[in-house]
Participant: 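Quick one: this structure, given as structure tokens, is what I'll be asking you about.
Ligands are counted one by one from 1 in listed order, and the atoms in each one are counted from 1 as well. This is a predicted model, so every value here is computed, not measured. When a residue number appears, it is its place in the shown sequence, counting from 1.
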Amino acid sequence: MKKEEFKLTKKLEHIAFIMDGNGRWAKRRLLPRHLGHKEGCKRVIEIVRACADLGIYCVSLYAFSTENWSRPQDEIDHLFYYLDDFFNDNIAEFIERGVRVHLMGDITRLPEHSQETIRKSIEMTKDLKKHVFNICLNYGGKDEITRAAKSLALDVKNGVINLDDINEQVFENHMMCANLPPVDLMIRTSGEQRISNYMLWELAYAEMIFPVTPWPSFTKKELIKCLKIYEGRNRRFGGLKNE
Ligand code: IPE
Ligand code: IPE
Ligand code: MG
């Protein structure tokens, strides 16, 4: 008999991942760290496919933080080449599945070839509506909030908006996450239990799961295990009701 496919019953519009543990995965196999990132890219497309099949609207992925510039240049160079390969290999499938590429982070510090790949991928998928692939590159939660504050301050200075009209929604409209739903579930792989400057605003009411599996081993099966845990969570949003 065929095994029952897992189905989501709880609302899950936005799932966000901190893809951690690539380096340790490689080290355990006596491989250079960058091969962990290469293997990790295979999990990215596997997880995107699985999420799309489960009807999840938005998948966010932490690919490079504002702090990751402190890594060895050779590792950084490899990461950005793998990023190019990822988009070149998968953009046709994104288009087929109706996945729009959305970017959070300032890519102007990235190598020219990666900036081009990202801009092209965004352009090619800009009218797609079914899913969002939100890639966070040279992204930091503090940086996102600081830029929003600056842009809002400029609008006040120029008389575009009154100080008294600023509220959470107006603030969010100035953030990189404007128009994305709030994160329902955040998964950080590899057992580390911290946020590392990821989506500080967007995670306000997210459920969080920290599987010990490193990202290159985080298959669809591992994802389903996490989703089963999520299904059992009681989301109260400050009230008393069980959602
Ligand atoms: C996450 O894996 C990938 C990026 C930060 C780009 P790591 O490279 O941090 O792997 P570990 O944490 O050293 O094992
Ligand atoms: C977070 O992982 C950043 C990404 C996954 C892109 P790190 O490995 O950089 O985080 P820390 O340094 O362990 O907190
Ligand atoms: Mg790490």
Participant: Regarding H34 and Y81, is there a side-chain donor-to-acceptor distance under 3.5 Å anywhere?
Facilitator: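 No, because no side-chain N or O of H34 sits under 3.5 Å from a partner of the opposite role on Y81.
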Participant: Polar contacts were defined as any N/O atom of the residue lying under 3.5 Å from an N/O atom of the ligand; does this apply to R33 and ligand 1?
Facilitator: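 Yes; at least one N/O pair falls below 3.5 Å.
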Participant: Quick one: does M19 get within less than 4.0 Å of ligand 2, heavy atoms only?
Facilitator: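 For ligand 2, residue contact (heavy atoms, under 4.0 Å) with M19 is present.
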Participant: I'd like to know if G21 contacts ligand 1, where contact means a heavy-atom distance under 4.0 Å to any ligand atom.
Facilitator: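 Yes, G21 has a heavy atom closer than 4.0 Å to ligand 1.
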Participant: Looking at Y57, I want to see if its OH is surrounded by more than 12 non-hydrogen atoms of other residues, nucleotides or ligands under 6.0 Å.
Facilitator: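 Enclosed.
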Participant: What is the ring orientation for F237 with Y205, classed by angle as parallel under 30°, tilted 30 to 60°, or perpendicular over 60°?
Facilitator: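 Tilted.
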Participant: Check the side chains of S65 and N68 for a donor-acceptor pair under 3.5 angstrom, ignoring hydrogens and angles.
Facilitator: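 S65 and N68 do have a side-chain donor-acceptor pair below 3.5 Å.
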Participant: What is the distance from atom CZ of F218 to atom CG of N22, rounded to the nearest 0.5 Å?
Facilitator: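 Atom-to-atom, F218:CZ and N22:CG are 12.5 Å apart.
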Participant: Is the CD atom of Q73 crowded by more than 12 outside heavy atoms at less than 6.0 Å?
Facilitator: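 Yes, CD of Q73 has more than 12 neighbouring heavy atoms, counting only those of other groups under 6.0 Å.
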Participant: Any salt bridge between R233 and E207, counting N to O under 4.0 Å?
Facilitator: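 Looking at E207 together with R233, the answer is yes, because their closest N to O distance falls below 4.0 Å.
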Participant: Which of the numbered atoms in ligand 1 are below 4.0 angstrom from a heavy atom of R24?
Facilitator: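 Listed by number with element: 11 (P), 12 (O), 14 (O).
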Participant: Check E192 against ligand 1 and report side chain, backbone, both or neither, counting heavy atoms closer than 4.0 Å.
Facilitator: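 For E192, no heavy atom sits under 4.0 Å from ligand 1.
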Participant: For atom 13 (O) of ligand 2, which protein heavy atom lies nearest, and how many Å away is it?
Facilitator: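 Ranking protein heavy atoms by distance from atom 13 (O) of ligand 2, first comes R194 NH2, 2.8 Å.
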Participant: Taking atom types as modelled, find out whether E231 and T9 have a side-chain donor-acceptor pair closer than 3.5 angstrom.
Facilitator: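 The answer is yes; a qualifying pair exists.
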Participant: Can a side-chain donor-acceptor contact be found between T66 and N138 if the only test is distance below 3.5 angstrom?
Facilitator: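 Not at all, the side chains of N138 and T66 share no donor-acceptor pair under 3.5 Å.
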Participant: Quiz question: by atom type and distance under 3.5 Å, do the side chains of T189 and R43 form a donor-acceptor pair?
Facilitator: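 Checked: T189/R43 side chains show no N/O donor-acceptor pair below 3.5 Å.
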Participant: So which protein heavy atom does atom 10 (O) of ligand 1 come closest to, and at what separation?
Facilitator: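 Checking every protein heavy atom, the shortest distance to atom 10 (O) of ligand 1 gives G23 N, 2.9 Å.
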Participant: Go through the side-chain N and O atoms of H14 and E202 and say whether any donor and acceptor fall under 3.5 Å apart.
Facilitator: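 No, because no side-chain N or O of H14 sits under 3.5 Å from a partner of the opposite role on E202.
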Participant: As an exercise, identify every atom of ligand 2 less than 4.0 angstrom from a heavy atom of F64.
Facilitator: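 The atoms of ligand 2 under 4.0 Å from a heavy atom of F64 are 6 (C).
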Participant: Determine whether any heavy atom of R71 lies closer than 4.0 Å to an atom of ligand 1.
Facilitator: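 R71 counts as a contact of ligand 1 under the 4.0 Å cut-off.
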Participant: Do other residues, nucleotides or ligands put more than 12 heavy atoms under 6.0 Å from N167 CG?
Facilitator: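 Yes, CG of N167 has more than 12 neighbouring heavy atoms, counting only those of other groups under 6.0 Å.
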Participant: Please indicate whether any nitrogen or oxygen in S65 is less than 3.5 Å from any nitrogen or oxygen in ligand 2.
Facilitator: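 In fact, backbone or side chain, S65 has no N or O that close.
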Participant: To which protein heavy atom is atom 9 (O) of ligand 2 closest, and what is the distance rounded to 0.1 Å?
Facilitator: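 Minimum-distance protein heavy atom for atom 9 (O) of ligand 2 reads N68 ND2, 2.9 Å.
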Participant: Within a radius below 2.8 Å of the Mg ion (ligand 3), how many protein N, O or S atoms are present?
Facilitator: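 If we list every protein N, O or S atom nearer than 2.8 Å to the Mg ion (ligand 3), we get 1.
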Participant: Under 4.0 Å, counting heavy atoms only: does R188 come that close to any atom of ligand 2?
Facilitator: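 Judged by the 4.0 Å heavy-atom criterion, R188 does count as contacting ligand 2.
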Participant: Return the orientation label for the F133 and F86 ring planes: parallel under 30°, perpendicular over 60°, tilted otherwise.
Facilitator: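 F133 vs F86 ring planes: parallel.
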Participant: Checking contacts here: is it the side chain or the backbone of A63 that comes within 4.0 Å of ligand 1, counting heavy atoms only? Could be both or neither.
Facilitator: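 Contact part for A63 vs ligand 1: backbone (N, CA, C, O).
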Participant: Any idea which atoms of ligand 2 are less than 4.0 Å away from a heavy-atom of S196?
Facilitator: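 Once the distances to S196 are compared, the set is 10 (O), 11 (P), 14 (O).
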